[in-house]
There are 2 protein chains.
Amino acid sequence: MTKPRSRRGGGRPTIADVARKAGVGAITVSRALREPGRVSEDLRRQIHAAVDELGYLPDPNARALASARAEVFGVLVPSLTNSVFAEVLRGIYDSLSDSSYRIQLGNTHYSGLEEERLLQVFGPQRPAALIVAGIDQTPMSRRLLETAGCPVVQVMETGPDPVDMMVGFSHFDGGKAATEHMIETGYRRIGFIGARMDPRSQRRLAGYRAAMEAAGLFDARLITTTPVPSSVTLGRELFRDALAKVPTLDGVFCNNDDIALGVLFECHRASIAVPKTIGITGFNDLDMMEVAFPSITSIRTPRYEIGRLSVAMALAAIAGKRPQEPVVDLGFELRCRESTAR
Amino acid sequence: MTKPRSRRGGGRPTIADVARKAGVGAITVSRALREPGRVSEDLRRQIHAAVDELGYLPDPNARALASARAEVFGVLVPSLTNSVFAEVLRGIYDSLSDSSYRIQLGNTHYSGLEEERLLQVFGPQRPAALIVAGIDQTPMSRRLLETAGCPVVQVMETGPDPVDMMVGFSHFDGGKAATEHMIETGYRRIGFIGARMDPRSQRRLAGYRAAMEAAGLFDARLITTTPVPSSVTLGRELFRDALAKVPTLDGVFCNNDDIALGVLFECHRASIAVPKTIGITGFNDLDMMEVAFPSITSIRTPRYEIGRLSVAMALAAIAGKRPQEPVVDLGFELRCRESTAR
DNA sequence: AAGGCAGATGGTAGCGCTACCCATGACGCC
DNA sequence: GGCGTCATGGGTAGCGCTACCATCTGCCTT
C-alpha cells in the first residue's frame with residue numbers, strides 16, 4: 001500500500017524525484033541548479049538529464065520559504081498609463097527578462113498612503129529588491145523600505161538622502177533649463193502650465209521660477225496648475241485659462257508633453273502662430289514631439305535608461321557588489337525644435 | 001539554553017507567536033484570518049488583538065507552499081508602452097487593489113515563444129489566475145494555459161474557442177465599421193496604414209478589406225504596412241510612402257491612433273487639407289483624438305473595461321461561480337469627428 | 001606518517017503555513 | 001437514552017525546498 005506521492009501537489013515532479021532518478025541527494029540537485037560551480041561536471045550532467053527527462057521546474061514558493069527570499073522584484077509606480085513610467089517599467093522589464101526574477105507591480109496612484117499599503121503587502125514576501133518611483137516617501141514608507149532587508153532603488157529623481165540607491169535626474173534643473181532656453185530665445189511672458197502637481201512637477205515649477213526670477217520676469221499670474229491628472233485635453237483647457245488670465249502670454253513651459261500637445265492643438269484651432277505668437281516647450285520628449293507640426297521643443301529624459309540602470313544596480317547589490325556611488329544622475333537633454341524657433 | 005526562535009526568519013512574528021499570545025491553536029489563527037465565519041466571535045477578537053499587538057503579517061510564501069496556491073494574478077501583455085495595454089493593465093490593477101492578490105507582470109514583446117517562456121515561469125508558482133492578451137496562443141502556450149489549474153482569461157479579442165474565458169471585442173468588425181464610415185462619407189481611394197501587424201491588426205485589415213471589396217473599391221496598392229513597431233513617427237513615414245504609391249489617395253484608415261496622429265501632422269506639414277483632401281480614421285480613440293485639430297475620427301475600444309471585467313470574471317471563477325457565458329464581447333463605438341467630416 | 005585542508009556530497013531539520021482528520025460538547029431527533 | 005449532526009477548536013503531518021553541519025576523499029604539508 002504505497003501512499004500517494006503527493007496529496008496536494010498535483011503530481012508535479014519534485015526535487016526528490018530528480019535526485020532519485022539521478023542517483024544523488026536532493027541537496028546536490030539544488031546546488032547543481034543554483035551554484036553549478038560547486039558540483040562536479042559528471043553529476044551536473046546526470047542531474048540535468050534527469051531534470052530534462054522529468055520536466056522538472058523548481059517550485060518558487062518552496063524556494064522562497066526555505067531561503068527566506070523570493071525571486072521577485074517589487075516595482076512601485078504612481079501611474080500605469082503615464083507613458084513616462086511605462087518606459088521606466090519597460091527598461092526594468094528588459095533588464096530582468098534574462099534572469100529568473102519575476103516582477104510584481106504596484107500602482108500607488110500618486111498616493112503616499114497607497115504606497116505604504118503596497119510596501120506592507122510586498123514586504124512579508126521578502127522580495128529580492130524594491131524599485132520605487134520618487135524620493136518623497138512618507139516616514140512610514142521610508143521605514144518600511146529601510147527594514148525590507150533588500151536593495152532599494154529610488155528612481156526618476158536624485159536627492160541627497162537615498163534610502164539605499166537612486167537613479168534619476170534633477171527635475172529642478174530640467175525646468176530651469178527649459179525656461180532659460182525660452183528666455184534666451186526672446187520670450188518674456190512665459191507661462192507655466194501643469195496638471196497633477198506631484199513632487200517632481202513641483203520641482204520643475206521651482207526650476208521655472210528660479211529662471212524667471214533670475215531674469216526679472218517672474219509673475220505669479222503666469223502659473224496655471226490643477227490637481228487633476230494630466231491629459232492632452234487638459235492641456236488645451238489650461239492653456240485657454242492661462243491665456244484668458246494673461247492675454248499678453250507669449251510662451252508656455254508645459255510640465256509635460258501631453259499638456260504641450262494640447263496647447264499646440266489649441267493654437268491650431270485658434271489660429272495662434274507657433275512659435276511666432278506663442279512658443280511652446282514640453283517635458284520628457286515623447287516620440288511624437290519631433291513629429292508634431294511644428295515640432296515641439298522638449299526636455300529629453302532618460303526614462304528607459306533609468307529602468308535599466310536601476311535593475312543593474314539592484315542586481316549588483318544582490319551579488320554583494322554595491323556601487324561606489326549610490327546616487328546616479330543620468331541627466332537630461334534640451335531638444336530645441338520649431339515650437340521655440342523664432 | 002533556549003534555542004533561537006528562528007535561524008533565518010529575521011525574527012518576524014509567526015502564526016505560532018500569535019497563537020501563543022491569544023492562547024489558541026495555530027490553525028485557529030489561520031482560520032480566523034481566512035474564514036472568520038468559522039471562528040467564534042470571542043476568539044476572533046482575541047486573535048485580532050494579538051495580531052495587532054505583534055504586528056503579525058502572514059508570510060505569503062509559506063501560505064503558497066502549504067496551500068499549493070499563490071495569491072498572484074499573472075498578467076501577460078505584448079507591450080508595456082503601448083497605451084492600449086497600459087489601460088487594460090490599469091483596469092486589472094484597479095479591480096484587484098482591494099483584494100490581497102498581487103500582480104505579476106509579463107511582457108511577451110509580441111512573441112509567441114516569449115509567451116511560452118513566461119507561462120513556464122508563471123506556472124510552477126500556481127497563480128490564482130492568468131490573464132493573457134490575445135487569442136492566438138501557440139499550441140504549447142495553449143497547453144500550458146489549459147493545465148495551469150487556474151482560471152484563464154484571454155483579453156482584447158473574442159473568438160470561438162476560449163481556453164477558459166474571454167473578454168474583448170471584434171477587431172474585424174471594428175476595421176469594417178471604420179472603413180464603411182469613410183466609404184459612406186464619400187471617400188473612395190481609402191488607404192490602410194498599419195505598423196507591427198499583430199493578429200489583431202491583421203483582423204482589422206481583414207475588416208477593411210471586406211468593406212472595400214463589398215463597395216467594389218478594393219485595391220491591394222492601397223495597403224501600406226510594416227513589421228516595425230508602431231509610433232507617431234512611423235505614421236508619418238508610412239503615410240508618405242502610401243501617398244507616393246497612390247497619389248490619388250483621398251483617405252486613410254489607420255491601424256491605430258499613433259499612426260493617425262503621424263498622418264495628421266504630415267498633412268499639416270505638407271499643407272494637405274483634412275478632411276477635404278484626405279480623410280483620417282484612427283483606432284482605439286485615445287484621449288488626444290478628440291483634442292487634435294482637426295479632431296480625429298476613431299473607433300473607441302473598451303480597454304479599461306476589459307481589464308476590469310477580466311478580473312471580475314476570474315474572481316468569480318475562483319469563488320466557484322463561473323459565468324454562464326464564458327465569452328464576453330464588449331463591443332466598440334465609432335466616434336465620428338472632423339477628420340472625416342466633409 | 002600524522003595532521004591539515006579544500007572540494008564534493010549527503011543527512012537532518014526546519015522555513016511558516018494549511019489540508020486533513022479528529023475531539024469535544026451542545027442540541028435535536030427518533 | 002442512544003445517536004446523528006453541527007459548530008468549534010486542535011493536533012499532526014506535511015508542502016518542496018534550502019541552511020547548516022557532517023562526512024568523506026584525496027592531496028598537500030611538515
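Letters A, B, ... mirror the listed sequences (proteins, then strands); counts begin at 1.
Between the P atom of D:dG16 and the CG atom of A:D17 lies a distance of 9 Å, rounded to the nearest Å. Atom CG of A:L65 and atom P of D:dA19 are 12 Å apart (whole Å). As a whole-Å value, the separation of A:R69 CZ from C:dC15 C1' is 13 Å. Per the geometry, CZ belonging to B:R63 stands 8 Å off P belonging to C:dC17, to the nearest Å. Nucleotide D:dA7 holds its P atom 18 Å from the CD1 atom of B:I27, rounded to whole Å. Rounded to a whole Å, the CD atom of B:E71 is 13 Å from the C1' atom of C:dT18. When the P atom of C:dT18 is taken as reference, atom CZ of B:R126 falls 16 Å away, rounded to whole Å. When rounded to the nearest whole Å, the span between CD of A:E35 and P of C:dA8 equals 12 Å.
The one candidate from A:R63, A:R102, A:E71 that meets the side chain to side chain donor-acceptor pair (under 3.5 Å) condition with B:Q125 is A:R102.
With values rounded to the nearest 0.5 angstrom, B:Y93 atom OH is found 11.5 Å from A:S79 atom OG. Atom-to-atom distance recorded for A:I306:CD1 and A:T158:OG1 is 9.0 Å, nearest 0.5 angstrom. Summarising the geometry, atom OG1 belonging to B:T138 is positioned 12.0 Å from atom CD belonging to B:E114; distances are rounded to the nearest 0.5 Å. Taking CG from A:L144 and CG from A:L118, the interatomic distance works out to 11.0 Å, rounded to the nearest 0.5 Å.
Summary of the strand contacts: B:R38 and B:N61 both lie near DNA chain C, and taking for each the nucleotide with the nearest heavy atom, the more 5' one is attributed to B:N61. DNA chain C is contacted by both A:R31 and B:S30; A:R31 maps to the nucleotide lying nearer its 5′ end (nearest heavy atom per residue). Nearest-nucleotide positions on DNA chain D for B:G37 and B:A62 put B:G37 closer to the 5' end.
Residue B:T28 has its side chain nearest to D:dG10 when only C:dG16, D:dT18, D:dG10 are considered. The side chain of A:I15 lies closest to D:dC17, out of C:dC17, D:dC17, D:dG10.
Without hydrogens or angle criteria, B:Q137 side chain to B:G134 main chain gives a donor-acceptor distance under 3.5 Å. Although no hydrogens or angles enter the test, the distance criterion places no donor-acceptor pair under 3.5 Å between the side chain of A:R308 and the main chain of A:I92.
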Problem - Trace of the salt bridge (charged side-chain N to carboxylate O under 4.0 Å, His left out) decision for A:D59 with A:R12 - result: CA-CA 10 Å; A:D59 181 328; A:R12 221 186 281 253; over 6 Å; no
Problem - Evaluation steps, salt bridge (charged side-chain N to carboxylate O under 4.0 Å, His left out), between A:D164 and A:R322 - result: CA-CA 10 Å; A:D164 184 5; A:R322 292 208 157 264; 2.8 Å; yes
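For the contact set between residues 39-52 of chain B and DNA chain C, defined by any heavy atom under 4.0 Å, there are no members.
The bend of the helix from C:dA1-D:dT30 to C:dC30-D:dG1, defined by the angle between the axes of its first five and last five pairs, stands at 40° to the nearest 10°.
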